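Here the structure is a predicted model, which means the values were calculated and not measured. Chain A is the first sequence line, chain B the second, and so forth, proteins listed ahead of strands; every chain is numbered from 1.
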There are 2 protein chains.
Amino acid sequence: MSTVDSSLVAQLPLFAGLDTAELDAVLSDARSARVAKNAAVFRQGDEALSFYVLLHGHVRASKTTAGGEQVVVRYVSPGETFGVAMAIGLQRYPATATAVEDSIVLSWPASSWPRLVERFPQLASNTLRTVGTRLQESHTRVVEMSTQQVEQRIAHALLRLAKQSGRKVDNGVEIAFPISRQDIAQMTGSTLHTVSRLLSSWESRGLIESGRQRIVLRDPHGLVLLSEQDPHGVEPPAKA
Amino acid sequence: MSTVDSSLVAQLPLFAGLDTAELDAVLSDARSARVAKNAAVFRQGDEALSFYVLLHGHVRASKTTAGGEQVVVRYVSPGETFGVAMAIGLQRYPATATAVEDSIVLSWPASSWPRLVERFPQLASNTLRTVGTRLQESHTRVVEMSTQQVEQRIAHALLRLAKQSGRKVDNGVEIAFPISRQDIAQMTGSTLHTVSRLLSSWESRGLIESGRQRIVLRDPHGLVLLSEQDPHGVEPPAKA
DNA sequence: CGATCGATTGAGCCCTCTCAAGAGAGGTGG
DNA sequence: CCACCTCTCTTGAGAGGGCTCAATCGATCG
């Protein structure tokens, strides 16, 4: 399938404010493609030849340092834009995008971005909002890493993943894609050993239930309390 | 002074691609104002009534956590846009902007942003680039906090400040605005004590020279070496 | 010239990392 | 369908980087 049914994507944030005809015009430049689990959509340092919308599945964006260490930048959920390097003035992708499960992406040639924004200025505004939201999220992460201990950071990370990509199951909320201790470590600036120890402890306390690349939040509120805990016994601030 | 001389701001990134007449039209909505040292331009949580360009001086953007801890998000240099909450869909400022020295800002009512981007779509693209660049910088910071020790992070921070706002002096490069040990701690996720200890050590080794809210990089290359040092004796990767 | 704010430095501790070993789960090919 | 192999997860022991606590010094400003 090379063409795309516009009804599927009409309400995505990227296309807010476009009417049906305009949407069709934008979509006529796009192609859809299947990406197998564990395959890369693009790699850090590659020339940024395309930008993408995720239609189905989940994609992990991660950066590799000069020393070879990996840091997970974010997980992309269906409907989100990714690989917009071109729009922010980059020639090359600043991170690697890997499908963590079988996924379907919509892609545009980066070369058509200038023409698209000229015809549909809304695209620039919409993308600006998206990138702005990501900037807020990244700042939140910097603040957490600066002020919180590992336990609080990991609790926050799980709660965010569950909110973003949670699936209700009988025992609670399950993170809807495969995620390892190592992945969580790379999201929180920790190590897989520390993550494993903490998750084991939480499991024994009934807060979560987990297995191989699988985590179910059994008591989200309990995790919220954990995530608000202050290391030195100072009370968490009263909710205003 | 309420009106602004367009020649001063013609080459700012925000206005790239606008001709003189268009620039005048945009500037006719703007007012300039002086901000005294240590005064706030706006505060975190305030309604985002304006957005700004810094004409002169330096502004620190910082976030305060629920627990009262502060984290420095960035320092704004002359020519840069800040307070663009409105453009990224926020009703309130996500951080506090404080002049760290007497400064001059240009401000627009946030309410005129929609009209401005409609008339001058370039503004959205230009702002998208700016916000994208900040997102890259924020990710860099996350990566550093995840993978490097405090000493490397502080060395990087000083080198970036010097590159961004350095002023050549006889002994080296001076950071061109007042900055305390505490400020550096809040930029790097450390404490003022650790920063003080490290700067003292660097000063005794001749790498820097410092005083009250004043830092001169005397041997930037030495700092680069420090910033690339690996904690476990593994060689920094050869520059490809 | 006193007061306030920033910087320095010591002592001790603890959270989290590193190092190490092994067990369980799942996929795959014969 | 079973045996093997790989990848993920677990858990212990020990060390150390950087934090907390505490006290003092120095400089700038009103």
Side-chain angles (χ1 to χ4, degrees), chain A residues 36-38 67 69-71 98 100-102 144-155 157 175 177-204 208-216 226 229-234, chain B residues 36-38 60 67 69-72 98 100-102 144-155 157 175 177-204 208-216 226 229-234:
Chain A
K37 179 172 177 172
N38 293 326
E69 291 148 307
Q70 304 233 347
V71 174
T98 308
V100 297
E101 55 185 350
D102 288 345
E144 284 185 5
M145 294 188 77
S146 297
T147 62
Q148 299 182 334
Q149 318 225 163
V150 169
E151 184 167 30
Q152 280 66 49
R153 300 206 302 268
I154 294 176
I175 294 172
F177 53 84
I179 184 165
S180 70
R181 309 294 188 259
Q182 174 81 70
D183 293 325
I184 294 170
Q186 290 175 349
M187 296 182 71
T188 56
S190 178
T191 63
L192 81 139
H193 307 280
T194 297
V195 173
S196 179
R197 272 184 252 271
L198 283 167
L199 294 198
S200 292
S201 151
W202 293 349
E203 183 140 25
S204 71
I208 66 167
E209 197 180 302
S210 77
R212 191 190 180 84
Q213 300 197 106
R214 199 187 112 266
I215 299 176
V216 178
L226 246 180
Q229 217 164 56
D230 186 302
H232 277 277
V234 181
Chain B
K37 179 173 176 171
N38 293 327
R60 179 185 59 232
E69 292 149 306
Q70 303 234 346
V71 174
V72 173
T98 308
V100 296
E101 56 185 349
D102 289 344
E144 283 184 5
M145 295 189 76
S146 297
T147 61
Q148 299 182 335
Q149 318 230 140
V150 168
E151 184 167 31
Q152 280 68 48
R153 300 207 300 267
I154 295 175
I175 294 171
F177 53 84
I179 184 166
S180 69
R181 307 294 187 259
Q182 175 82 71
D183 293 324
I184 294 170
Q186 292 175 348
M187 296 181 71
T188 56
S190 178
T191 63
L192 80 139
H193 307 281
T194 298
V195 174
S196 179
R197 272 184 253 271
L198 283 167
L199 294 199
S200 292
S201 149
W202 293 350
E203 183 139 26
S204 72
I208 66 167
E209 199 179 300
S210 77
R212 191 191 180 82
Q213 301 196 108
R214 200 187 112 266
I215 299 175
V216 178
L226 246 182
Q229 219 164 56
D230 185 304
H232 276 276
V234 183

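When each of D/dC21, C/dC19, C/dC17 is scored by its nearest atom to the side-chain atoms of A/H193, the top-ranked nucleotide is C/dC19. The side chain of A/Q213 lies closest to D/dT8 when the candidates are C/dG6, D/dT8, C/dC17.
When all heavy atoms of B/L199 and B/I208 are compared, the pair lying nearest together is O-CD1, 3.7 Å. A/S204 and A/S201 get closest at one heavy-atom pair: OG-O, 2.8 Å. Contact between B/V195 and B/S190 at its shortest, heavy atoms only, is CG2-OG, 4.3 Å. Residues A/E144 and A/R153 come closest through the heavy atom pair O-CD, 3.6 Å. Between A/M145 and A/G189, the shortest heavy-atom distance links the atoms CE-CA, 3.8 Å. Nearest heavy-atom pair across A/R181 and A/G211 is NH1-O, 3.7 Å.
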Give every pair of a protein N or O atom and an N or O atom of nucleotides 25-28 of chain D that lie under 3.5 Å apart, one pair per line with the distance.
{"residue": "D/dG26", "atom": "N2", "partner": "B/R212", "partner atom": "NH1", "Å": "2.9"}

Each nucleotide N or O in nucleotides 11-14 of chain C that has a protein N or O under 3.5 Å away: list the pair and distance.
none

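Distance A/R214 CZ to C/dG24 P: 18 Å, rounded to the nearest Å. What separates CE of B/M145 from P of D/dG17 is a distance of 18 Å, to the nearest Å. Between the C1' atom of C/dA7 and the CD atom of B/E203 lies a distance of 11 Å, rounded to the nearest Å. For the pair A/I154 CD1 and C/dT16 C1', the computed distance is 10 Å after rounding to whole Å. Whole-Å rounding puts the B/R153 CZ to D/dG17 P distance at 14 Å. Between B/N38 atom CG and D/dG30 atom P there is a gap of 11 Å when expressed in whole angstrom units. One atom, CG of B/L199, and another, P of C/dT9, lie 11 Å apart when rounded to the nearest Å. The interatomic distance linking A/L198 (CG) with C/dT16 (P) rounds to 8 Å, in whole Å.
Heavy atoms of B/S190 sit under 4.0 angstrom from primed sugar atoms or phosphate atoms, though from no base atom. B/S200 comes within contact range of the sugar-phosphate backbone alone, with a heavy-atom separation under 4.0 Å but no base atom that close.
Sequence order on DNA chain D of the closest nucleotides to B/T194 and A/L192 puts A/L192 first from the 5' end.
The phosphate of D/dT11 (OP1 or OP2) has no side-chain N or O of A/S196 nearer than 4.0 angstrom.
A distance of 9.5 Å separates CD in B/Q152 from OG1 in B/T147, rounded to the nearest 0.5 Å.
If you check the side chains of B/S180 and B/Q213, you find no donor sitting under 3.5 Å from an acceptor.
In this view, B/R60 and B/D183 satisfy the salt bridge (Lys or Arg N to Asp or Glu O under 4.0 Å) rule, not counting sequence neighbours. By the side chain to side chain donor-acceptor pair (under 3.5 Å) test, B/T191 is found to be paired with B/T194, residues two or more places apart in sequence or in another chain being considered. Considering only residues two or more places apart in sequence or on other chains, A/E209 meets the salt bridge (Lys or Arg N to Asp or Glu O under 4.0 Å) condition with A/R214, A/R218.
Residues from residues 178-187 of chain A placing a heavy atom under 4.0 Å of any atom in DNA chain D, listed by number, are A/S180, A/R181.
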Exercise. Can you check side-chain contact (heavy atoms from CB on, under 4.5 Å) on A/I154 and A/M187, steps first, answer last?
Worked result: CA-CA 8 Å; A/I154 294 176; A/M187 296 182 71; over 6 Å; no

